[in-house]
Amino acid sequence: MSLLVAIQGWSPDDWVRRFRQEPGSPPVLDAREPFDPAAVRYAACWKTPPGLLARLPNLQAIFNLGAGVDALLADPTLPAVPLVRVADPDLTARMTEYVVLHVLRHHRRVDLYAEAQARREWLKRDQPPARAARVGIMGMGVLGRDAAGVLARIGFRVAGWSRRGDPVPGVEIYAGAEGLKPFLARTDILVALLPLTPDTRGILNHELCAGLAQDGPLGGPALINAGRGGLQVAADILRALDEGHLAHATLDVFETEPLPATSPLWTHPKVTVTPHNAADSEPAELCRYVVEQIRRHEAGGALQNVVDRGSGY
Ligand code: GLV
């Protein structure tokens with residue numbers, strides 16, 4: 001029984017080495033080299049070439065080395081074995097850092113003061129307390145719930161929106177298509193942590209931006225997308241910024257990555273671009289997570305964080 005490491009985009013050499021060094025790891029095969037497909041029982045994947053996993057007759061489980069499984073689910077030949085995503089405290093903590101950083105950056109007007117400093121201007125604006133600002137989180141899975149808890153602790157008024165509307169203690173929850181409008185209307189800072197599915201593709205569009213609260217204390221609403229690039233319609237976000245429906249957009253993810261040099265998002269004064277690193281995780285933690293799940297599975301235990309293929313997350 002072997003673990004196949006089938007990674008693109010990240011540095012596969014490092015991952016193969018790390019898995020080989022991880023105590024308790026099964027024998028590790030490198031998908032870039034010739035291997036016996038029948039020997040593979042588990043696969044550790046990121047942007048794995050479509051069709052590769054279908055060639056593995058004894059595959060028992062697929063481990064996606066990130067939280068979002070959209071790239072794997074886009075493979076129509078993906079075998080019907082359990083697909084496990086990362087729900088790791090390290091990844092979750094880093095995403096919460098990113099969300100809190102950018103919520104506070106908007107709330108405390110960091111850009112305004114940086115511009116004033118560049119002009120040597122002692123600019124003072126009223127600073128509303130956190131309790132005056134309404135943060136809305138789209139996607140209330142592990143990541144959304146963790147960020148909501150920390151933001152609420154700081155004092156923000158936090159609400160969540162999700163497809164099913166499962167209750168989250170201490171957070172006002174809006175559900176489904178009918179909950180979206182009222183959720184947006186009460187939101188000054190919108191955080192998108194949704195998975196990319198056929199239902200969520202393009203959800204961050206012009207109508208959504210225009211539906212955000214326009215009467216907040218911060219001079220216009222802000223959008224933070226740390227989910228997937230396919231959630232956003234870049235042209236609509238730029239239009240909403242230019243029309244004044246949106247004061248700022250912080251984007252960590254893009255339809256095409258790396259973001260092409262020709263994209264107008266790079267230079268727009270109201271856009272912050274980060275290179276899909278909101279929740280880059282400690283690889284050693286992820287290797288440990290995968291090897292521990294394999295150990296449990298081999299001992300007859302249940303795999304954790306198995307993706308529901310119907311909902312796509
Ligand atoms: C990163 O984008 C992830 O899915 O964890």
Side-chain angles (χ1 to χ4, degrees), residues 5-12 14-15 18-19 43-50 53 61-75 78 82-102 137-147 162-163 191-204 223-232 234 249-259 265 272-293 303-309 311-313:
V5 176
I7 292 176
Q8 288 195 128
W10 297 343
S11 160
D14 292 346
W15 284 90
R18 283 187 201 107
F19 272 113
C45 299
W46 184 253
K47 304 216 167 122
T48 300
L53 299 171
I62 302 167
F63 296 94
N64 183 62
L65 294 174
V69 291
D70 43 294
L72 278 174
L73 289 181
D75 177 356
L78 193 72
L83 168 58
V84 174
R85 66 188 161 77
V86 171
D88 172 74
D90 181 59
L91 187 152
T92 305
R94 289 173 194 232
M95 182 59 91
T96 295
E97 268 180 25
Y98 184 91
V99 169
V100 171
L101 167 70
H102 290 284
I137 301 179
M138 295 183 85
M140 289 303 285
V142 174
L143 301 177
R145 289 199 301 270
D146 194 71
S162 65
R163 195 173 56 100
V191 179
L193 292 174
L194 290 164
L196 182 62
T197 69
D199 287 343
T200 62
R201 179 169 285 284
I203 195 167
L204 305 177
L223 165 68
I224 300 166
N225 182 13
R228 278 289 181 267
L231 300 175
Q232 74 209 8
T250 296
L251 310 174
D252 185 54
V253 285
F254 305 90
E255 186 71 91
T256 306
E257 295 179 3
L259 181 64
L265 293 170
T272 299
V273 170
T274 56
H276 198 153
N277 70 348
D280 272 0
S281 310
E282 179 55 56
E285 303 278 344
L286 301 190
C287 291
R288 205 166 305 141
Y289 171 86
V290 169
V291 170
E292 170 58 16
Q293 290 241 32
L303 292 165
Q304 296 167 320
N305 305 312
V306 174
V307 171
D308 169 3
R309 302 250 185 141
S311 59
Y313 56 92

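Counting convention: from 1, in listed order, for ligands and their atoms alike. Every heavy atom of this structure was used, including side-chain atoms; hydrogens, water molecules and symmetry mates were not.
At least one heavy atom of His276 lies less than 4.0 angstrom from ligand 1. Contact annotation: Leu91 has at least one heavy atom less than 4.0 Å from an atom of ligand 1.
Counting only distance, with no hydrogens or angles, the side chain of Thr256 and the backbone of Phe254 share no donor-acceptor pair below 3.5 Å. Between the side chain of Asp14 and the main chain of Arg18, no donor-acceptor pair closer than 3.5 Å is present. Formation of a donor-acceptor pair under 3.5 Å by the Asp70 side chain with backbone atoms of Thr197 is not found in this model. Under a 3.5 Å cut-off, the side chain of Asp90 and the backbone N or O of Glu285 do not form any donor-acceptor pair.
The Gly66 neighbourhood of ligand 1 comprises atoms 3 (C), 4 (O), 5 (O), with distances under 4.0 Å to a heavy atom of that residue. Within ligand 1, counting atoms from 1 as listed, the ones closer than 4.0 Å to a heavy atom of Arg228 are 1 (C), 2 (O), 3 (C), 4 (O).
Close N/O approach between Trp46 and ligand 1 is not found [any backbone or side-chain N/O within under 3.5 Å].
Of all protein heavy atoms, the one closest to atom 3 (C) of ligand 1 is Ala67 N, 3.2 Å.
In terms of heavy-atom proximity, Val84 sits nearest to Gln304 at CG1-O, 3.2 Å.
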